[in-house]
Amino acid sequence: MIRNKLLYAVILVSLVFFYILYIDNISLATLILASIFPVIQVIILFSIAKNITAKLNIEDVTIVRNTQSKIVVNIINNCILPVSCATATLKIYNTLTGEEQTLTTMLPVSAANNQSIKFSVSYAHCGKVRITLVKMKIFDYIKLFSKNINLNISEEMTVIPVRSAVHPQLETSLTDLSEIDEFSKIKAGDDCSEIFNIREYNMGDKLNRIHWNISSKTDALMVKEYSLPVSSKIVILFEFYNPDSSLISLDKNDASLETAMSISYYLIANNIPHQLKWYNPKARIMQTEFIQSEDDFSFFLCSVFSNGSYADSPFAFLHHVTESAAHAFSHTIYITPVLSEKVFADFSQLGNSFRKSFIYIADDSEQLPSYFNSTDDINAIPVYQDIIQDGIDKMII
């Protein structure tokens with residue numbers, strides 16, 4: 001635009017010399033017209049600016065990370081004059097990671113008409129994303145002047161983790177730590193207090209499992225399959241620890257969320273209620289969500305996205321040790337993106353959990369330390385970011 005102004009200034013100076021050299025009505029009229037033309041452009045520009053508006057629409061308010069989403073900016077021109085050139089500026093901000101991105105596009109808008117612009121954007125990291133239509137800028141017809149129209153129209157969307165289909169080993173965990181027993185929806189067991197399924201008799205089935213009432217109504221022997229009781233005293237301890245705010249740490253925290261989501265959804269599918277515990281750095285307290293449905297897990301995600309990460313210490317584990325000393329669990333699952341020998345040793349010594357799983361989110365090329373090994377006291381599970389399912393499938397719940 002500066003170049004256009006300089007060029008127009010050169011034209012005006014040339015017209016002045018032309019008038020001096022050739023004093024007549026044509027040269028005078030040309031000079032006057034060239035002098036007042038910028039004023040006319042400014043008047044037109046401000047007239048259009050008063051009659052132009054914009055709207056921001058997001059097609060999906062919840063998307064999975066690394067998938068494309070559509071952002072639509074609709075510019076509405078109520079003026080009888082067209083806009084030869086307008087720009088729209090979008091700012092995309094992840095409130096969880098602090099990542100920011102600015103998008104700008106240029107387009108014309110016809111008179112008394114509207115024009116839509118579609119942005120296709122993907123998000124590398126989970127979090128709550130705020131999308132703001134910051135401003136529009138419109139130009140006059142020869143781009144001598146411009147007018148900024150501040151809008152600050154915002155919409156929010158949630159970028160959620162990718163859920164992996166996992167199949168860890170599901171075992172009965174009946175100990176004196178359990179208070180309530182739930183039963184698996186997908187696996188039979190030996191608890192005769194609950195019937196899992198009724199099927200036809202197969203060679204080798206126990207005679208005492210024959211369901212005589214149903215068998216008498218059919219032409220075949222029918223047997224009862226009993227249910228597999230599973231403990232509901234399972235806690236997933238989630239650590240959203242981000243000590244260096246690097247890209248690697250952000251990727252690890254995404255993998256932590258995906259690991260927690262995959263495990264939690266597996267438990268939900270098996271009708272196993274459980275707890276998700278995490279540290280809220282804003283309130284400086286531990287928070288607990290009792291998970292029985294996908295909606296409960298969604299609430300957990302919203303809370304984590306709103307609270308953010310922390311860089312000082314593994315606060316979730318430290319607070320869990322002090323606050324849960326008087327409670328008992330059948331299985332404590334600890335998910336962390338940072339490995340510490342002291343935390344690993346202290347976790348293995350927890351006395352209020354019948355089974356303990358330490359899940360560490362590792363880099364694909366990372367060498368694990370020698371102390372990170374499964375023992376009688378702890379199940380050490382490395383989960384690599386690109387193959388989360390392989391790690392979780394090694395678990396015993």
Side-chain angles (χ1 to χ4, degrees), residues 64-67 96-97 123-127 158-170 234-243 247-270 272-279 287-289 291 294 296-305 307-310 314-317 320 329 331-340 343-344 347 353 355-366 368 372 374 378-397:
V64 177
R65 75 180 187 95
N66 289 327
T67 59
L96 179 64
T97 64
Y123 307 91
H125 300 292
C126 301
T158 304
V159 183
I160 63 173
V162 179
R163 178 165 63 95
S164 300
V166 297
H167 304 91
Q169 184 177 348
L170 190 63
I234 295 175
V235 60
I236 300 175
L237 183 61
F238 179 79
E239 196 82 78
F240 208 57
Y241 186 29
N242 189 13
L247 185 60
I248 293 176
S249 291
L250 294 178
D251 290 340
K252 281 191 168 189
N253 278 316
D254 285 332
S256 296
L257 280 168
E258 289 168 13
T259 301
M261 186 176 192
S262 299
I263 296 173
S264 186
Y265 272 52
Y266 174 80
L267 294 174
I268 291 169
N270 283 275
I272 305 174
H274 53 285
Q275 300 175 39
L276 250 166
K277 301 185 71 174
W278 72 99
Y279 179 73
Q287 291 190 222
T288 302
E289 179 69 20
I291 308 294
E294 294 182 10
D296 295 333
F297 190 87
S298 297
F299 181 81
F300 156 74
L301 282 180
C302 290
S303 298
V304 170
F305 293 161
N307 297 338
S309 59
Y310 39 92
F315 287 124
F317 174 72
H320 176 75
F329 304 97
H331 194 172
T332 301
I333 303 169
Y334 179 49
I335 303 172
T336 177
V338 179
L339 195 56
S340 161
V343 171
F344 186 81
F347 183 76
S353 186
R355 177 174 286 140
K356 298 182 285 287
S357 295
F358 192 110
I359 298 179
Y360 169 59
I361 309 300
D363 292 336
D364 295 338
S365 59
E366 186 176 352
L368 297 175
F372 189 74
S374 296
I378 190 172
N379 190 18
I381 304 169
V383 170
Y384 295 92
Q385 298 171 37
D386 294 332
I387 45 175
I388 289 174
Q389 180 178 353
D390 290 353
I392 301 176
D393 284 351
K394 297 174 184 176
M395 286 187 62
I396 301 174
I397 297 179

Of [options], the residue whose pairing with [X] passes side-chain contact (heavy atoms from CB on, under 4.5 Å):
X      : options                : value
Tyr334 : Phe358, Phe238, Phe344 : Phe358
Tyr360 : Val383, Ile335, Leu339 : Leu339
Ser256 : Pro337, Pro161, Cys126 : Pro337

Review point. Which class fits the ring pair Tyr241 and Tyr310: parallel under 30°, tilted 30 to 60°, perpendicular over 60°?
Key: parallel
Practice item. Report the relative orientation of the aromatic rings in His320 and Phe329; use parallel for angles under 30°, tilted for 30 to 60°, perpendicular for over 60°. Key: tilted
Can you tell if the side chain of [X] reaches within under 4.5 Å of the side chain of [Y], non-hydrogen atoms only?
X      : Y      : value
Val338 : Glu239 : no
Thr158 : Leu301 : no
Val343 : Thr336 : no
Phe297 : Leu267 : no
His125 : Val159 : no
Ile263 : Val166 : no

**Study point:** Minimum heavy-atom distance between Ala255 and Ile361, given as atom pair plus value
**Key:**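 Residues Ala255 and Ile361, closest heavy atoms: CB-CG2, 3.5 Å.
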Study note, to complete from the structure: Nearest heavy-atom contact between Leu96 and Gly308 is CD1-CA, 3.4 Å
Can any side-chain N or O of [X] pair as donor or acceptor with the backbone N or O of [Y] at less than 3.5 Å?
X      : Y      : result
Ser262 : Arg163 : no
Gln389 : Ala165 : yes
Glu289 : Leu276 : no
Asp393 : His167 : yes

Practice item. Begin from the C-alpha positions of His274 and Ile333 and carry the test side chain to side chain contact (heavy atoms under 4.5 Å, CB included) through to its verdict. Key: CA-CA 11 Å; His274 53 285; Ile333 303 169; over 6 Å; no
I need the [X] [atom1] to [Y] [atom2] distance, nearest 0.5 Å.
X      : Y      : atom1 : atom2 : result
Gln275 : Thr332 : CD    : OG1   : 9.5 Å
Ile387 : Ile392 : CD1   : CD1   : 11.5 Å
Phe305 : Thr97  : CZ    : OG1   : 10.0 Å
Ile291 : Ile272 : CD1   : CD1   : 13.5 Å
Ile397 : His331 : CD1   : NE2   : 7.0 Å
Ile236 : Thr288 : CD1   : OG1   : 12.0 Å

Point to revise | Those residues that, when tested against Asp363, pass side chain to side chain contact (heavy atoms under 4.5 Å, CB included) (two or more places apart) | key: Ile248, Lys252, Glu366, Gln385
Exercise for review: Tell me whether the centres of the aromatic rings in Trp278 and Phe240 are closer together than 6.0 Å.
Suggested key: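 So the answer is no for these two rings.
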Review point. Can Met395 and Ile359 be said to form a side chain to side chain contact (heavy atoms under 4.5 Å, CB included), step by step?
Key: CA-CA 9 Å; Met395 286 187 62; Ile359 298 179; 3.7 Å; yes
